[in-house]
Number of protein chains: 2
Amino acid sequence: MPVRVTADDVAKAAGVSRAMVSRAFTPGASVAVRKREHVLRVAQALGYRPNLIARGLTGQRTGLVAVVAGEISRPYEAWLLEHIVRVLSANGYQPLLLPAFRDANMTEMIDHALAYQVEGAIVAAGSVSRDIADRCQASGAPLVLIGRVLEKNGADAVCCDNIKGMWQLVERLVKQGRRRIAWLGGTADTFSDQERRQGVEEALAHYGLSLQVQRRGDFSLSSGVSEGLALLDSRLALDAIMCANDAMALGVVEAAAQRGIKVPDDVAITGFDDVPGAAWGRCPLTTVRNPVNETALEALRLLETRVHNPTCDNQVIRVGVTLVPRSSA
Amino acid sequence: MPVRVTADDVAKAAGVSRAMVSRAFTPGASVAVRKREHVLRVAQALGYRPNLIARGLTGQRTGLVAVVAGEISRPYEAWLLEHIVRVLSANGYQPLLLPAFRDANMTEMIDHALAYQVEGAIVAAGSVSRDIADRCQASGAPLVLIGRVLEKNGADAVCCDNIKGMWQLVERLVKQGRRRIAWLGGTADTFSDQERRQGVEEALAHYGLSLQVQRRGDFSLSSGVSEGLALLDSRLALDAIMCANDAMALGVVEAAAQRGIKVPDDVAITGFDDVPGAAWGRCPLTTVRNPVNETALEALRLLETRVHNPTCDNQVIRVGVTLVPRSSA
DNA sequence: CTGAAAGCGCTTACAG
DNA sequence: CTGAAAGCGCTTACAG
């Protein structure tokens, strides 16, 4: 039978009150230095650690932050998650990981996390409704979105500059003389898909061009292969294929190889995100860097800002992107 | 100011005692069916959900399970993590994610998780000492290791059959007539590196062969490239390079391409794990499938088994692997 | 600086 | 089946 040593045990052993033990473990509390040292020493000897669940009940901080992540096995989600978790841990928070699978009920998930008295929620997957934002607000837990924004001042968000990223890519392609450009979009109704396509169309229009054709994958590499094949076989004489993310671009590179089509000579291929794998493989990807570390830092900053000032207006932080020119375009 | 509605509020509104509302939310409790429905309805209307932190304090289940994961942005760790998290969530547990970076202090991390009264810990990264197992035991939280085992009955573990996997790969190479085989190991002192190398050496010895050369990377793709280049440039006339995991094998494939060396004609390359990306790219990898889903399921099973019987002997579950023959060997 | 007391929100014997 | 009471382990006013 495991014996849990409590503050009372330490108090008894150290010859002080239970409150004293609590104070010894509370950084700012007013305790005599020598006494604190003594209590801490006794606690150490007994193997005592404050029960964070009990502390959380007191209305104090629980230190818990809910993190809603998508399919973790995908490069971008994994990469982003790593940074979020790292930043949270480094700042004394414990990430409660909520996996958002396609059939996941976001409302149910958030409610569950809220029941754990999380101090906030960072949502980097799925679609967030007004309803969810309201629930979080009602519980006093700040909600921060990553890579998606809610209309009408619903929640704080941090999102990269999708539009500008696509402009930079289009600019490069146009300068290379590319004119017959195709678009391979990602999952429908996702914020990234919409903004990125919008960026492409705007930029093309600026040059008096428009897309030759559009197809849609699901952000996965394999969908990039199949849609890439379809595009390449379409006999549209495309000279560039722009993809909504790196994974699909990598798939299109694969498709081109299967058809014996040279990249970038015959067709240029562009991605988005600059995930760790983008520089490797058959053809290093020309893409746009999505600054995930900065994103994670900003997300935490927004979270903490709102804790201190729950009623200020919602902010949408746009983090900058940078063109990463490599071989594929 | 967010208002937290408590069981008392519901009790008052429903005209019952607080104990009654607690029972209404406790599946097996004896309550009049009609009354439970009524309480639940009132609770719903008020937006009440039991505070899980308070419930956890009662000595009840917290539902929390610590999950120690490695560098999440690496394919294998991400893939495994996804399955662990999925299995945990599907069974009513909340994963508390602890990131194990190279400089992470595992003992400190586990202690912290224990302070949250986790019901168990699944460790899939870093090296685990006896000390950590003892701490978990003292707290009554079962510890389950994945992909590593502790000597002398220290903790439950689930691990794939590294030895057999490597035998299968060696067998295939030998049948192809390969004789000049190199080994590219992973991070020193890791369980996977040791067992996999051992498997290779045993199997080669069985055929009267031995390794031509050994080098060591760090399980990353980029280390596969650099070590692969070194191996390929060594003029040892190698006809096969066996790698301790897929990421490094993918790097070696890349190195071969850079040198204009044909795979598998000039040199065969093998991996381990069969991560999602192994089938893609320049040269689909011949590898061994590490059954992560089964691994995650077994890990949870071990966890729950020990909760019910804390004192039974430790078990090490070996999950089976299967050869996945593709183009690279 | 320190201790006794009250309370965080829940669950679980204990009676009935 | 149901309620009043005690208690989970901690922190925080409240006195001193």
Side-chain angles (χ1 to χ4, degrees), chain A residues 1-40 42-43 46-64 112 114-119 139-140, chain B residues 1-40 42-43 46-64 112 114-119 139-140:
Chain A
M1 209 52 225
V3 272
R4 296 187 125 85
V5 20
T6 75
D8 264 322
D9 300 324
V10 177
K12 220 152 286 171
V16 297
S17 72
R18 175 150 45 80
M20 211 62 247
V21 175
S22 174
R23 292 192 187 102
F25 279 90
T26 306
S30 60
V31 205
V33 184
R34 310 230 14 160
K35 193 152 252 173
R36 159 172 280 148
E37 281 171 358
H38 175 232
V39 171
L40 256 23
V42 172
L46 263 49
Y48 169 76
R49 276 213 144 200
N51 177 331
L52 265 21
I53 293 295
R55 174 179 289 179
L57 186 57
T58 315
Q60 286 285 101
R61 310 185 29 191
T62 56
L64 261 21
H112 194 221
L114 256 17
Y116 275 103
Q117 316 301 115
V118 295
E119 293 181 36
S139 294
Chain B
M1 208 52 225
V3 272
R4 296 189 125 84
V5 20
T6 73
D8 263 321
D9 301 324
V10 177
K12 222 152 286 172
V16 299
S17 72
R18 174 151 44 81
M20 209 64 247
V21 356
S22 174
R23 291 193 188 100
F25 280 91
T26 306
S30 58
V31 205
V33 183
R34 311 229 13 161
K35 192 152 254 174
R36 158 173 281 149
E37 281 171 359
H38 174 233
V39 171
L40 256 23
V42 173
L46 264 48
Y48 170 77
R49 278 212 141 201
N51 177 331
L52 265 22
I53 293 295
R55 174 180 288 179
L57 187 58
T58 314
Q60 286 285 99
R61 309 185 31 189
T62 56
L64 260 21
H112 194 222
L114 256 18
Y116 275 103
Q117 316 303 114
V118 295
E119 292 181 36
S139 294

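Residue numbers start from 1 in every chain, and the chains themselves are labelled A, B, ... in the order their sequence lines are given, proteins ahead of strands.
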Original post:
Relative to the 5' end of DNA chain D, which residue comes earlier, B:A19 or B:A54, by the nucleotide with the nearest heavy atom?
Top reply: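 Its nearest nucleotide being more 5', the pick is B:A19.
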Protein-nucleotide distance ([X], atom [atom1]; [N], atom [atom2]), rounded to Å:
X	N	atom1	atom2	result
B:K12	C:dG9	NZ	P	12 Å
A:D8	C:dA4	CG	P	11 Å
B:M20	C:dG16	CE	C1'	14 Å
B:R18	D:dA4	CZ	P	10 Å
B:R4	C:dC10	CZ	P	10 Å
B:R61	D:dC8	CZ	C1'	17 Å
B:Q117	C:dG9	CD	P	19 Å
B:E37	D:dC1	CD	C1'	15 Å

Students often get this wrong, so: under 4.0 angstrom with heavy atoms, is [X] touching a base, only sugar-phosphate, or nothing?
X	answer
B:S30	base
B:A7	sugar-phosphate
B:F25	nothing

Original post:
Do A:L114 and B:R49 pass the side-chain contact (heavy atoms from CB on, under 4.5 Å) test, and can you show the C-alpha distance, the side-chain angles, and the key distance before you say yes or no?
Top reply: CA-CA 9 Å; A:L114 256 17; B:R49 278 212 141 201; over 6 Å; no
Given [options], identify the nucleotide with an atom nearest to the side chain of [X].
X	options	value
B:A32	D:dC1, D:dA4, C:dG3	D:dC1
B:R55	C:dG3, C:dT11, D:dC10	C:dT11
A:L57	D:dG9, C:dT2, C:dC10	D:dG9
A:T58	D:dG3, C:dC10, C:dC8	C:dC8
A:S22	D:dT2, D:dG9, D:dT12	D:dT12
B:N51	C:dC10, C:dG3, D:dT2	C:dC10

Original post:
Is any side-chain nitrogen or oxygen of B:Y48 closer than 4.0 Å to OP1 or OP2 of C:dC10?
Top reply: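 B:Y48 to C:dC10 OP1/OP2: side-chain N or O found under 4.0 Å.
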**OP:** Verify the contact: side-chain N or O of B:K35 to OP1 or OP2 of D:dC1, cut-off strictly under 4.0 Å; return yes or no.
**Re:**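 No.
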Subject >> CA sep, side-chain torsions, deciding dist, call: A:N51, A:T6, side-chain contact (heavy atoms from CB on, under 4.5 Å) >> reply: CA-CA 8 Å; A:N51 177 331; A:T6 75; over 6 Å; no
Checking [X] side chain against [Y] main chain: does a donor-acceptor pair fall under 3.5 Å?
X	Y	value
A:R36	A:R23	yes
B:S22	B:R18	no
B:T62	B:Q117	yes

Subject >> Nucleotide opposite C:dT2 in a Watson-Crick or G-U pair, distances under 3.5 Å >> reply: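 In the structure as shown, C:dT2 has D:dA15 as its Watson-Crick or wobble partner.
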**OP:** Evaluate side-chain contact (heavy atoms from CB on, under 4.5 Å) for A:R4 paired with A:D9, printing each intermediate quantity in order.
**Re:** CA-CA 10 Å; A:R4 296 187 125 85; A:D9 300 324; over 6 Å; no
**OP:** Could you tell me whether the side chain of B:R23 has a donor or acceptor atom within less than 3.5 Å of a complementary atom in the base of C:dT11?
**Re:**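 Between C:dT11 and B:R23, which were checked side chain against base, a qualifying N/O pair under 3.5 Å is absent.
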